[in-house]
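Right, one structure below, let's go through it.
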Amino acid sequence: MWALFLFFIGFGFTCVGAVSLIGYMNFLPVGMNFIDFLMFVYKRPECYMLPIGVIFIMLAMYKNPFGS
């Protein structure tokens with residue numbers, strides 16, 4: 001049961017992080033170069049939710065929830 005809960009938490013974190021990252025990509029057309037964009041994303045805490053969510057999903061998938 002904890003694996004399913006961990007999967008859903010990871011899925012939520014991944015969605016929040018990906019939506020934030022895609023939203024911040026709107027800064028690129030207004031003159032921000034790619035290095036500045038990466039430095040900006042590096043400082044934003046909600047962008048860290050994407051890799052954390054992927055790690056949670058991978059941990060949840062590693063454990064077989066049915067025990068067979």
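Note that the structure is a prediction, hence the values are computed from the model and not measured. If you read the sequence from its start, that first residue is 1, and numbering goes on from there.
With sequence neighbours left out, Phe56 forms a ring pair (Phe, Tyr, Trp, His ring centres under 6.0 Å) with Phe13.
Within the 3.5 Å criterion, the main-chain N or O of Tyr42 finds a donor-acceptor partner in the side chain of Tyr48.
Cluster annotation: Phe27 is not connected to Ile22 through the hydrophobic network of ILVMFWY side chains, with a link wherever side-chain heavy atoms come within less than 4.5 Å. Side-chain heavy atoms closer than 4.5 Å link hydrophobic residues (I, L, V, M, F, W, Y) into clusters, and following such links, possibly through other members, connects Leu4 to Met61. Both Val16 and Ile9 are part of a single hydrophobic cluster, where members link through side-chain heavy atoms under 4.5 Å apart. Tracing side-chain contacts under 4.5 Å through hydrophobic residues (I, L, V, M, F, W, Y), one never reaches Met58 starting from Phe11; they form parts of separate clusters. If you chain together hydrophobic residues whose side chains sit under 4.5 Å apart, Leu28 and Leu50 fall into the same group.
The side-chain hydrogen bond (donor to acceptor under 3.5 Å, both in side chains) contacts involving residues 11-27 comprise Tyr24-Arg44, Tyr24-Glu46, where partners must be two or more places apart or lie in separate chains.
Counting non-hydrogen atoms of neighbouring residues, nucleotides and ligands closer than 6.0 angstrom, the CZ atom of Phe8 reaches no more than 12 such neighbours. The environment of CZ in Phe5 is sparse: at most 12 heavy-atom neighbours from other residues, nucleotides or ligands sit within 6.0 Å.
Here the straight-line distance linking atom CD1 of Ile55 with atom CG of Leu6 works out to 11.0 Å at 0.5 Å rounding.
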